[in-house]
Structure formats: C-alpha cells, structure tokens
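Shown next, in structure tokens, is the structure this report addresses.
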Protein chains: 2
Amino acid sequence: MNVNIGRKRSHFRTVAFDLKKNRVLLIEQRLLPHQFKIVATRDYRETAQAITDMVVRGAGAIGATAAYGLAQGARAFTGRNLEKFHAHLEKVYQRLKAARPTAVDPVNAMDQLRRQVASGLSVTECQTLACDAAEAFANEDVAHCREIGEQGASLITDGMRVLTHCNAGWLAFVDIGSATAPLYTAQSAGRKFHVFCSETRPRSQGATLTAWELAQQGVSHQVIADNAAGHLMQRGEVDLVIVGSDRTLGRTGEVANKIGTYTRAVLAKKHNIPFYVAIPLSTIDWNLKSGLDIPIEERHEEEVLGAWGTAQSGKRTYVRVANPGSGARNPGFDVTPADLITGIITPAGIFKPKKLWLNRMRLGFASES
Amino acid sequence: MNVNIGRKRSHFRTVAFDLKKNRVLLIEQRLLPHQFKIVATRDYRETAQAITDMVVRGAGAIGATAAYGLAQGARAFTGRNLEKFHAHLEKVYQRLKAARPTAVDPVNAMDQLRRQVASGLSVTECQTLACDAAEAFANEDVAHCREIGEQGASLITDGMRVLTHCNAGWLAFVDIGSATAPLYTAQSAGRKFHVFCSETRPRSQGATLTAWELAQQGVSHQVIADNAAGHLMQRGEVDLVIVGSDRTLGRTGEVANKIGTYTRAVLAKKHNIPFYVAIPLSTIDWNLKSGLDIPIEERHEEEVLGAWGTAQSGKRTYVRVANPGSGARNPGFDVTPADLITGIITPAGIFKPKKLWLNRMRLGFASES
C-alpha cells in the first residue's frame, strides 16, 4: 500500500523480494507506527529469524516471507549437482518451518513452492522455478485479499461508522489485508466513512498498526479504548463491525480471533449491528468439530501488566502500569460462535457461518483433502 | 485499611486530619501503586489544590477531604469576631467548592458541616464544632461502607471468582470502599475467593489501585485486559460481577459508572452471571428521569493514545502507544440500564434497581427534599 515517509509517498508491500541482491525485504513491524524501516535479510537464516522475532507477523505475511526465504535459500546454492541442491533445499525448508512452529501458513506456502521446484531439470531451472513460485504465492495472497475487498465493499456505504478490532490489515498480509480490504475497496470507489479502531490491549495492534495503516491510506479514523465499544454502540454511533480471524471452523462457523472479538460480537448482537468476519481461504480449518477444541494461547503476564510505547525522549520504552506485586491472566484469543456472526467475507463470496460446510467445494476444501 | 510499607503494616484511612498541626492527611493516589506517600496539606488552599489535582479521588474520599479542609480553614482563623469568622468560612467554602466543580459530594459534606457550625456562640466553639462535624462526616462514610459490606458479604461464597471494574475500593472512600466492601467483609469472615481486576483502560485504575488494594489486604487476584472478560465468562470462569457507581438514578435504576461497565453488564446477562452495583446513599440521584440525561464526560485523547507507568529506571513515564498521527474518542463513563443489573447493594439493603424509587424513604430521599 502507499506509505508516506517524510514528504515522499511510496508503494510498499509488507513483504517483497530483491532479485538482484537475493534479499527478502520486510517492513519492520515492531517499530511501527513510531518508525518506518525496511529490513533486508541477507540469507534464509536471517529471514527465518525475522519470522521468529515477529519483525513480520500475520498469516498471509509470514506465509509469503517463508516462500521468499525458501527461494532465497535455493538461489544461494552455488553448485550444479541437483541432488545436493535438493538436500540443501530441505535444510532451508526445515529451518524456515521451525521459525514459527505453530503457524500453518509458512508450511502451506513452502509446500506449494516445492511442488513447483520438483519439475526442474537443472539447478538453475529449479532456482528460477522457486523464485517464480514465491512470487506467485505472494501475488495470490494479494489477489485473494483484493477479492475479499470486492466481495465486502458493498457493505460499506457512505457516512458509515465502522468498528474494527486488532490488525487484519495489509501489514498482516502481503498487501490490502482481510478485514481492511472492504474498507480500502470502498474508499477507492469514492465512499466516505469513519473507522473506530479498538486499541486492542494488551498488545495494542489496533492503536498502533491499524491506526497507522488507516492514516497512511487517508481513511478517517479514531482510536478508542476497548471499554468504549459498548457505549458507542448503545448511543447508535456504530453501524458495522468487521474483524479478521486466525482460524475459522468450516464445520461449525466458529471464529477464533484476537481476545476481545467475542465481546464485540455479543455487543453487536445486542444492538442489532451487523458483525462480519473477513478471511482468506487459508484461514478455514475443515477438521476441528468444536471451538472448544481450539487451544487458547496464554501469553506473557507482562503484556497485561504494562505497555510499550515511545517516551518523550523518542526512545521505545516499556512501562509497568499495574501494581508491582500483582499477576495477570492473559488469554490471547477467544472464540465467537456462529450465531453472533452476520456473515463471513471470503474471496469466493459472503457466507452465513453455518453455510461454510455446505459450500466447502467453492471454498477450497476439495483441494485440501 | 492496613497497608504494608516496607516491613511495617500500618492502618491508614484514605483521608484523615492531624488536629495538632491542623493538616489534612491524604494518600497521594497518583503515585500508587509504585510509591506510597502521605501528603499533609498546610492550609485549605493546598487542600483544595489536592482535590483539583486528583491527589485524592473518588466520591466519598473527596467529600471527606472537603469537610476536613473546611474545618482546617475554620481553625486557621485567629480573631474572636464571629461575623468575620463566618465571612472567612464562606471564602474557604467557595474555594473548596471550586476545586472539582462537577462533583456533588464536597458540597453535601460542607453543607452538613456548616449547619453544625451555625449553632456556635463563639469562634472557638465554632472551630470545635467544625472539627467534630468533619470527623463525623468521615466516620459516617466509613459506617456506610461497612454496612454495604455487611449487606453484600453473603453474595460472596467460598471458591467464588469475582470480576470487578475500575476502583470503587477504599481509596475512593475514607475506608473500606463500596464495590470492595462485600469482598473485605467476606474475607474477614474467613471466606476464600479470587478477584479478576479489569485493568480499566484508559486510566487503568483496576490494574493500579484495585490490584494494589487487594494485594495489601491479601486477597487472591489477577489483572486482566478489558478484552478478556467475555472469554473468561464464556469459559465459566466468572461467578459474580461487582462494580461501583458514580451516579445511580433513583427513578429508573440506571447506573452511570466508569466506561466499560455497560459492556460487562451485557456480557454478564448473556452468561447468566449475577451483576451487582454497590453504592452509598449519596450516589443516588433522585431527580433525573432518564440515563440519557446523564452527561457523558469526553476526556483527553492522550489517555487513550498512551499509558502512564514506571520505566525500568523507576521513573514515572508517559509513553505514546498509538500511531502519532491518529486521534481518539474518550468517553469517560457509560450508563447501564436496570434490566442488566441483578441488584443494588446499599447500606440499607440490596434492592432490585427498579425498586429504588419504591424504597426511597429507606434510602434517604425524604431527607433530601
């Protein structure tokens, strides 16, 4: 997307590849919104480390990073022996896979790339195929997000006030994003609307990443405390809610997403406000039979007990907010049941959550099995 | 309440009076929980400034502070002319009243004191009456909170997990508190339970003040992000919710309280979890006919866009969390309708919110009119 840096306005993808220097280019997301910096990893090990360290985060974005990292590793091979090349590629694959062991997107992306490379008859051909496949994966991610935008844009009408939660924007994907895609598409169509970004404690991705993205795109927006969503709905100041998802159950329509999503769904239902979830097809889990089977990650106490930000000196600083002697509970995600969700926006159309299973062929289930 | 300072355990009230030195003693709440400090104001002007600067906060606490401040001002008068004394007292009254112009408790407290002083036949007698009246007001606040504790303690059973929001603890009153009173009383009765403190963004009174109080009293507790309440309720980990109130409408049973209270009430109803509001009688507004008539204070954007805490250096620090180019909405309070409230715990008993009006005589309405 277009990013303002100083007086310049440039187009950036969250993840890209520098063919000439064989480097993966990443927006350093941990510094946002206080500093915009592009990181260029010099080899696949650095790329894997960037995934581990959350320089890059978000389902689509880490998938593309792993794909580029595998291509980067393939191109760094200097011999001509095809067998040795494949052994090397396997090593690169395993290193990148281990970077975020619980994530499924890097594995899917790299498997797709390996299938392409398998047909190469020489090391050089394999290297070219790897590059093309990585580029294709990234472009596919962009295309899917663009389709989510096309499918969802009609929901956004002039003058609407939209509530979002966390960041399912273009920073979480290669470009455009999932929850934000309908907003950006509606904006391109000339529609004017206002977005409330829930700050999304404890990690504040709404206040930092989503607010930054919307500011870059020139979308009217305000940050609100997570506590304020209910009040704004009660006073009729929210017309629509759109969020992303970390995992959506194809069999039940349940949606796992950032902690606080369930609360917004309950509030939206209470006030008859439409509640939509925007997802790429890779987010659908066709296996699990109940949301109770989704493991809820319990994260570090320190996230809840304090906050990261920029001090007056300009230095990135962690401050302890809570009473020093107290501990915290910190579930990272929650699960929203199907009956609270108005619709799931996918690249293949908008579906009632309980109709995902019925439409599983259109939604890519066949290709999974 | 009992406060641990270093190795010493001492009993403190939030507000007290040093007769010998004619000083009002206040716990400096802005430094909590990172530092415990008692401030001694040297004259009524300093006392008024402490109210303005929120050294002391909370309905009962600022009421008592104003009463003590008026007594302090009265005692500083050195002449013997009764007329001049009353003129001086009026000046002190106006200064203290102006300290927090929207608050009603300081005015009520000082009016009660002035009625006592009116019967004095000499300056010395008036000064003694002022002191006695201020002390009586503070003791009455403590007695009311203690009665709230007695009324509500039976709701807290062994093993219960209680959710609170914001701080309606002893720091907001002279001692014991409103929402926390039933907890402290149940603890004294030997019951074991666990409290989840919602951090209460944007000012984090739950993470700072309530967590600190509970730690001092040895009550088992954890801080949670405001986003986590819904998830914990959904998984059956919350048995009861107790909050305080800034204003409760006697005619409708609606409750105005810290932003986020309404959200917790909606969630509690959804999960059939009892939701109680604990209040002293002074919190009841017998005039307003609709919660929509309660003005909702829109506070500084900076509260939402960043956080105050202690940096590693030990220094109190504000960090900017949100995107620097973005603004915020920051409503300070919300209004919870009667149908979401299981009961209102008062010093005179627990009432269904819509039964307050029917019981207005028992609840002190007669003495108001």
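Lettering follows sequence order; numbering is per chain, from 1. In this text, all values refer to a predicted model and were calculated from it rather than measured experimentally.
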*Donor-acceptor contact below 3.5 Å, side chain B:Arg299 vs main chain B:Glu303*: no
*Grab the two heavy atoms, one from A:Gly244 and one from A:Val255, that are nearest each other, plus how far apart they are.*
O-CG1, 4.4 Å
*Using non-hydrogen atoms only, which part of A:Arg316 is less than 4.5 Å away from chain B: side chain, backbone, both, or neither?*
neither
*Indicate whether the side chain of A:Asn257 and that of A:Ser245 have a donor and an acceptor atom separated by less than 3.5 Å.*
no
_A:Asp239 side-chain N/O to A:Arg161 backbone N/O, donor-acceptor pair under 3.5 Å_ = yes
*Between A:Phe333 and chain B, which part of the residue has a heavy atom less than 4.5 Å away: side chain, backbone, both or neither?*
backbone
_Interchain contact, A:Trp308 with chain B, by part (heavy-atom threshold 4.5 Å)_ = backbone
_Just so I understand: if I count every heavy-atom pair under 4.5 Å between each of A:Ala228, A:Ala215, A:Pro202 and chain B, which residue has the most?_
A:Ala228
*Among B:Lys315, B:Arg235, B:Arg201, B:Met233, which residue forms the greatest number of heavy-atom pairs with chain A at distances under 4.5 Å?*
B:Arg201
*Could you check which of A:Leu292, A:Thr336, A:Asp334, A:Val304 has the highest count of heavy-atom pairs closer than 4.5 Å to chain B?*
A:Val304
*Picking from A:Thr210, A:Val335, A:Thr200, A:Asn330, which has the most non-hydrogen pairs under 4.5 angstrom with chain B?*
A:Val335
*Using a cut-off of under 4.5 Å on heavy-atom pairs, state which of A:Gly230, A:Ala307, A:Ala322, A:Pro331 scores highest against chain B.*
A:Ala322
*Of the non-hydrogen atoms in A:Ala211 and B:Ser326, which two are nearest, and what is the gap between them?*
CB-OG, 3.5 Å
*Interface moiety of B:Glu213 toward chain A, non-hydrogen atoms closer than 4.5 Å*: neither
*asked:* Which atoms of A:Leu209 are under 4.5 Å from chain B, going by heavy atoms: the side chain, the backbone, both sets, or neither?
replied: neither
*asked:* A:Met54 vs A:Gln29, test: side chain to side chain contact (heavy atoms under 4.5 Å, CB included). Steps then yes/no.
replied: CA-CA 8 Å; A:Met54 297 182 78; A:Gln29 297 198 28; over 6 Å; no
*chain A: which of B:Thr317, B:Leu267, B:Leu305 shares the most heavy-atom pairs with it under 4.5 Å?*
B:Leu267
*Give, as side chain, backbone, both or neither, the part of A:Leu214 having an atom under 4.5 angstrom from any heavy atom of chain B.*
neither
_Using a strict threshold of under 4.0 Å (side-chain N to carboxylate O), is an ion pair present between B:Arg329 and A:Glu237?_
yes
*asked:* With a 4.5 angstrom heavy-atom cut-off, is it the side chain or the backbone of A:Tyr318 that approaches chain B, or both, or neither?
replied: backbone
_Shorter than 4.5 Å, heavy atoms on both sides: which option in A:Lys270, A:Gln312, A:His221, A:His34 has the most such pairs with chain B?_
A:His34
_Using heavy-atom distances under 4.5 Å, tell me whether A:Leu32 contacts chain B through its side chain, its backbone, both, or neither._
neither
_Any carboxylate oxygen within less than 4.0 angstrom of a Lys/Arg side-chain nitrogen, looking at B:Asp339 and B:Lys269?_
no
*Verify, without hydrogens or angle tests, whether B:Arg264 (side chain) and B:Asp226 (backbone) share a donor-acceptor contact under 3.5 angstrom.*
yes
*Looking at A:Gly306, A:Gly327, A:Ala311, which one has more heavy-atom pairs under 4.5 Å with chain B than the rest?*
A:Gly327
*Can you label the angle between the A:Trp170 ring and the A:Trp212 ring as parallel, tilted or perpendicular, going by 30° and 60°?*
tilted
